[in-house]
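The block underneath contains the structure these notes are about, expressed in structure tokens.
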Protein chains: 2
Amino acid sequence: MSTTSQRIADVLAGRILRGELAPGQRITQDELAADLSASRIPVREALRILEQRGLVTLRANAGAWVASMSRRDLELSYEIRERIEPLLLLDSLPGLTDEHLDAMRTTQDEIAATDDVETFLDLDRRFHWTSYAGSSETQLSAIIARLWDTTQPYRRAFARLAGSQGSWVISAEHELLLEALRRRDGDVAAHVLSLHIRRTKVALLEHGDLLSTGG
Amino acid sequence: MSTTSQRIADVLAGRILRGELAPGQRITQDELAADLSASRIPVREALRILEQRGLVTLRANAGAWVASMSRRDLELSYEIRERIEPLLLLDSLPGLTDEHLDAMRTTQDEIAATDDVETFLDLDRRFHWTSYAGSSETQLSAIIARLWDTTQPYRRAFARLAGSQGSWVISAEHELLLEALRRRDGDVAAHVLSLHIRRTKVALLEHGDLLSTGG
DNA sequence: CGCGGTTGCAATGGATCCAATCAGACCCTA
DNA sequence: TAGGGTCTGATTGGATCCATTGCAACCGCG
């Protein structure tokens, strides 16, 4: 069995990523401890773990809050991803099996079929991370996972606003990516991925009001 | 005054970055607590803080170690830096004052004059981070700071092996960077920086034996 | 009526104590 | 003698209790 700290961190991370807790919202140690039937010690460690993942902001002698990003931070996050996710994809490609590609195929079909925002977010995440499954766990994947996590609330807000408009663009880009991966063409795949992220960034930032969920 | 956790984290980080503790070396909570006259609670939090900075590796019910990287991780760290440090530099450039540039000028003169490895590492770090001083604290600078921190032991090992050979190349690149920044030529500055990092990576990885310090 | 200081409470930070876990040595057996 | 199992010690993880900090309401003074 894992530690209590890790269990608490997992539960809290899930709540944040599912949007049950909004960016900027206060988190009190006592409350969480009582809620999960533990003392405050593992709660404090869990908050440290989530600070590390960028999901929580801590201030000494003041407390903890669900992390929120400035518009500039959000923009830079996408520009980082645009430059290093292709790196991870190239590192992953040699290790990608046909089973991985089949799984991506299936996931993409489900993406094209869904209208629910939460389902889409989940599937989109799965689609891309399956493409990274050929790479071993490194600092690179950790950094990217963190960027995905911290921007998740804003992706959700955007997806809600945009509705299903433009979802066909995403599907088209996913198809291009998938085809390039099948041909084992790393250069094209990396390029498509880079463009995919850049276009998402632009679309997302056009909605200036999506930062209203928290400062 | 800050918290005890933060103070312990700072002390331990300093020891690791100065090379007093080698990668892979065990850290026991009791020892650290006794050494710094504190209980184990803030020590545990300090270890979490340093795990966040990538300086310490934690395993549940087993303990803490000074973090070490695989060769592949080291290589990827440089490839990430090569792609995103130019981004930080471009973000910083509008905010860079003449005072910043003068400080870089002075630091570079000191770099050219020194033969001591520790002094060089310190000055080189200062040179580049001064060039980022025009940017506000974002996730981007945090990621890069982390990459600098975690690769520090290997930079040190390389600098010792290489001695002062090739230090003129570094100085030449720094001069090019400085000149481009003075002209406010972001494109050239970013390009020089990218090449600077890439060349450093290649030189560093040629020494396959520098990973001997820890596994 | 507005501002500064003070007081009280709520929440966090830290210390001590106890329980659970892991690593290694030792012993017993085949 | 080699292998496996058990037992013991050391170390980490967690709970309870106390100290400290920060925030806010309240009171007094100008």
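No experiment lies behind these values; they were computed from the predicted model shown. Naming convention: chains lettered A, B, ... in sequence-line order (proteins, then strands); numbering from 1 in each chain.
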Quick one: which of B:Asp124, B:Leu123, B:Val117 gives a side-chain contact (heavy atoms from CB on, under 4.5 Å) with B:Phe120?
B:Asp124

Which residues within residues 49-58 of chain A lie with some heavy atom under 4.0 Å of an atom in DNA chain D?
none

Whole angstrom value for the distance that separates P of D:dG13 from CD of A:Gln6:
11 Å

Starting at atom CH2 of B:Trp65, determine the distance to atom C1' of D:dT12, rounded to an integer number of angstrom.
10 Å

Pair B:Arg184 + B:Asp98, salt bridge at N-O below 4.0 Å:
yes

Can you say whether the rings of A:His128 and A:Trp148 are parallel (under 30°), tilted (30 to 60°) or perpendicular (over 60°)?
tilted

Apply side-chain contact (heavy atoms from CB on, under 4.5 Å) to A:Trp65 and list each qualifying residue two or more places apart in sequence or on a separate chain.
A:Arg26, A:Arg59, A:Ala62

Whole angstrom is fine here: how far is it from CG in A:Leu47 over to C1' in C:dG13?
13 Å

Look for any protein N or O under 3.5 Å of an N or O in nucleotides 6-11 of chain D and output each such pair with its distance, or none.
residue : atom : partner : partner atom : Å
D:dT11  : O3'  : B:Arg26 : NH2          : 3.2

Of the candidates C:dG13, D:dG14, C:dG14, the side chain of A:Arg40 sits closest to C:dG13

Is the shortest heavy-atom distance from the side chain of A:Gln29 to the side chain of A:Leu47 under 4.5 Å?
yes

Atom-pair distance (CD on B:Glu45; C1' on D:dG14), nearest Å:
13 Å

In plain terms, say whether B:Arg72 and B:Glu75 are close enough for a salt bridge, that is, a side-chain N and a carboxylate O under 4.0 Å apart.
yes

Tell me whether the rings of A:His196 and A:His174 are parallel (<30°), tilted (30 to 60°) or perpendicular (>60°).
perpendicular

N/O (side chain, B:Thr4) to phosphate O (OP1/OP2, C:dG14) under 4.0 Å
yes

Can you list everything that forms a side-chain contact (heavy atoms from CB on, under 4.5 Å) with A:Glu20? Sequence neighbours excluded, please.
A:Arg15, A:Arg18

Mind checking B:Ile27 for me? I need base, sugar-phosphate or nothing, with any heavy atom below 4.0 Å counting as a touch.
sugar-phosphate

Here the distance between atom P of D:dG13 and atom CD1 of A:Ile8, to the nearest Å, is 14 Å

How many Å lie between CD on A:Glu31 and P on C:dA10, as a whole number?
14 Å

Should the pair B:Asp102-B:Arg182 be classified as a salt bridge under the 4.0 Å nitrogen-to-oxygen rule?
yes

Taking 4.0 angstrom as the limit, do B:Arg160 and B:Glu118 come out as a salt bridge?
yes

Expressed in angstrom and rounded to an integer, what is the separation of A:Leu32 atom CG from C:dT12 atom C1'?
14 Å

Given DNA chain D, 5'-ward residue of the pair B:Ala60 and A:Arg59, judged by closest heavy atom
B:Ala60

side-chain N/O A:Thr3 vs D:dT12 OP1/OP2, d < 4.0 Å
no

With sequence neighbours excluded, tell me which residues meet side-chain contact (heavy atoms from CB on, under 4.5 Å) with A:Ala190.
A:Pro86, A:Leu90

For the side chain of A:Arg44 and the base of C:dG14, is some donor closer than 3.5 Å to an acceptor across the two?
yes

Strand DNA chain C in bracket notation, Watson-Crick/G-U under 3.5 Å with | for pairs to another chain:
||||||||||||||||||||||||||||||

Sub-3.5 Å donor-acceptor pair from the side chain of B:Thr150 to the main-chain atoms of B:Leu147, do we have one?
yes

In whole Å, what is the span from the CD1 atom of B:Ile41 to the P atom of D:dT12?
13 Å

